[in-house]
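Have a look at the structure below before the remarks.
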There are 2 protein chains.
Amino acid sequence: MNINPDIPATTAVPGEKELIEEAVALVASYPKVPITVDCVIFGFDENELKVLLIRSDLPLFHGKWSLLGDFAGDQEELDDAAYRVMRSRTGMDDVYLEQVRTFSNPKRHPGGRVLTVAYCSLLNIEHHQLKTHENELHWHSFNGLKDMAFDHQEVLDYCYKWLQKRMQEHPLGLNLLPDKFSLRELQNLYEVVLNVKLDRRNFRKKFFSMDLLIDTGEYEDDVPHRPGRLYKFNFQKYEKNQRSWIGIDF
Amino acid sequence: MNINPDIPATTAVPGEKELIEEAVALVASYPKVPITVDCVIFGFDENELKVLLIRSDLPLFHGKWSLLGDFAGDQEELDDAAYRVMRSRTGMDDVYLEQVRTFSNPKRHPGGRVLTVAYCSLLNIEHHQLKTHENELHWHSFNGLKDMAFDHQEVLDYCYKWLQKRMQEHPLGLNLLPDKFSLRELQNLYEVVLNVKLDRRNFRKKFFSMDLLIDTGEYEDDVPHRPGRLYKFNFQKYEKNQRSWIGIDF
DNA sequence: TCAAAAGTGTTATTGTTACACCCATGC
DNA sequence: GCATGGGTGTAACAATAACACTTTTGA
């Protein structure tokens with residue numbers, strides 16, 4: 001790289017400055033598209049999977065439910081944009097967030113072509129108070145949702161499938177629970193999200209055998225029956241022992 | 001919807017036409033970004049994983065290898081754009097292609113901000129002849145690749161991890177082999193891509209027990225040793241018997 | 001006849017499923 | 001004392017991992 005960009009290395013070869021100008025001109029000549037991020041924010045409450053929604057602020061979709069989203073800033077990394085959306089609308093921070101997929105149907109926005117990159121987030125409803133209730137921002141039951149704004153139904157359905165798959169391979173779901181949880185809560189979570197019925201003893205055996213639950217020594221409170229032990233998840237140990245080879249399974 | 005858009009349903013409420021105009025104006029007011037698709041096209045030849053590359057045509061990256069990519073058309077679905085890239089540069093068609101991830105680092109293109117959506121493709125090198133060799137388009141060994149143009153090294157590494165994971169859950173890898181293949185070829189493929197050593201007898205048992213291999217009755221040819229039986233993969237049967245619940249495994 | 005890979009079974013171990021009874025607590 | 005869910009063990013079964021010899025072909 002030249003120290004002084006005004007003096008090219010040789011007179012025959014263009015300097016880095018010229019090359020960059022050329023690249024800038026090239027990029028400027030290409031079609032551009034508005035980009036949004038849309039956040040599918042899952043929660044778990046009262047034994048139901050919930051998703052954080054607002055009323056669409058686009059009059060064309062008056063009354064319809066919409067995911068939380070916003071246009072991406074000019075020089076903004078999309079992960080940052082997704083975090084910004086979460087923070088600005090809910091005050092939530094430091095949560096699990098992951099890019100899931102980009103939706104590019106040219107008809108997906110009635111105002112013209114808009115790409116959206118879907119992000120999926122999982123958080124514990126109790127630990128994060130909504131900072132606003134503008135546009136009826138609220139936790140909506142995942143089941144029975146239909147006829148959302150834009151292509152948000154499709155985005156949501158895709159993210160739900162993603163969640164189901166991902167939860168079986170990674171301890172994602174624990175982000176939906178409080179820090180301390182009973183095994184019953186954990187099992188309910190898996191049963192509800194994966195839509196299966198699991199054997200209680202086998203479920204316990206499975207989780208205990210992974211040796212990733214830390215017994216807090218504490219017990220549930222305010223339950224109208226024998227209280228269960230409360231556990232924490234050992235995320236540290238999990239991170240350390242990542243398996244690489246699993247097996248062929250299809 | 002109004003039959004005649006010039007006469008709103010009521011005088012107080014704006015008609016659909018006005019709402020759409022409003023949406024169009026809104027979209028027009030937002031920042032726009034150029035979008036590209038980049039195709040990571042994997043092949044398998046001489047017992048090595050290969051990837052289809054060209055020399056970057058951006059002078060700034062003179063001599064560096066680049067994925068096949070192009071800007072997305074104004075009203076083009078990104079899947080279509082990825083297909084177009086494959087077809088226009090290689091003549092290949094009707095191949096496995098899937099969106100993997102969007103890369104949005106604002107610094108990833110020296111000419112300014114350009115988003116790219118990475119697609120991953122798997123095909124059999126023998127069955128698809130390159131239609132051109134412009135820009136040194138060729139099958140490059142995956143191993144030992146480094147210092148590519150743009151962030152293409154990162155994109156490629158991400159797609160490789162994606163491939164490894166995906167190949168264990170779906171019979172993706174078969175797209176890399178000829179229609180008829182021996183079990184040795186199949187095992188080599190898995191060993192190379194997943195970078196593991198597998199027991200031959202257990203590997204056979206595994207695949208036969210899935211009952212998805214069709215014995216063609218034919219045998220290898222031109223091998224300097226006892227020829228192996230050739231099989232086809234029963235994609236139809238596989239598609240029909242998709243499992244929904246697998247299990248908790250992490 | 002040699003080299004090279006094809007083809008083939010058994011055993012030990014591990015993980016998974018199915019299943020039923022007593023226990024602790026709140027009401 | 002009763003309703004509710006907590007907590008526990010075992011046996012059958014399925015899947016996986018480890019391991020070695022004979023067969024077939026081309027050269």
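Proteins come first, then strands; the chains are lettered A, B, ... in the order of their sequence lines, and each starts at number 1. What you see is a predicted model, and the numbers here were worked out from it, not measured in a lab.
A:Arg184 comes within 4.0 angstrom of sugar-phosphate atoms only, judged by non-hydrogen atoms across all strands, and of no base. If you check every strand for non-hydrogen atoms under 4.0 Å, B:Lys206 touches sugar and phosphate atoms only. At a threshold of 4.0 angstrom between heavy atoms, the contacts of B:Arg200 include nucleobase atoms, whether or not backbone atoms are also involved.
Nucleotide C:dA6 holds its C1' atom 8 Å from the NE2 atom of B:His225, rounded to whole Å. In this structure, CH2 of B:Trp245 is placed 13 Å from C1' of C:dT17, rounded to the nearest angstrom. Between A:Asp222 atom CG and D:dT4 atom P there is a gap of 19 Å when expressed in whole angstrom units. The nearest whole Å value for the distance from the CD1 atom in B:Ile246 to the C1' atom in C:dT16 is 14 Å. Distance A:Arg229 CZ to C:dA24 C1': 13 Å, rounded to the nearest Å. In this structure, the CG atom of B:Leu198 is 15 Å from the C1' atom of D:dC19, given to the nearest Å. Atom CD of B:Glu220 is separated from atom P of D:dG26 by 12 Å (rounded to the nearest Å). Summarising the geometry, the separation between CD on A:Gln187 and P on D:dG7 is reported as 12 Å, rounded to the nearest angstrom.
Centroid-to-centroid, the aromatic rings of B:Tyr160 and B:Phe142 come within less than 6.0 Å.
No hydrogens or angles considered: a donor-acceptor pair under 3.5 Å links the side chains of B:Gln187 and B:Glu191. Between the side chains of A:Tyr238 and A:Gln236, no donor N or O sits under 3.5 Å from an acceptor N or O. Side-chain atoms of B:Asp79 and B:Tyr119 include a donor-acceptor pair closer than 3.5 Å.
Between the side chain of A:Lys205 and the base of D:dT8 there is no donor-acceptor pair of N/O atoms closer than 3.5 Å. A donor-acceptor contact under 3.5 Å is not formed by the side chain of B:Arg201 with the base of D:dA17. Contact annotation: side chain of B:Arg226 to base of D:dT23, donor-acceptor pair present below 3.5 Å.
Ring pair B:His138/B:Trp65 is tilted by interplanar angle, where 30° to 60° counts as tilted.
Mapped onto DNA chain C by nearest heavy atom, B:Phe208 and A:Asp199 fall at different nucleotides, with B:Phe208 at the one closer to the 5' end. Residue whose closest nucleotide on DNA chain C sits further toward the 5' end, between B:Leu183 and A:Ser209: B:Leu183.
At D:dG7, one or more side-chain N or O atoms of A:Arg204 fall inside 4.0 Å of OP1 or OP2 (strictly under the cut-off).
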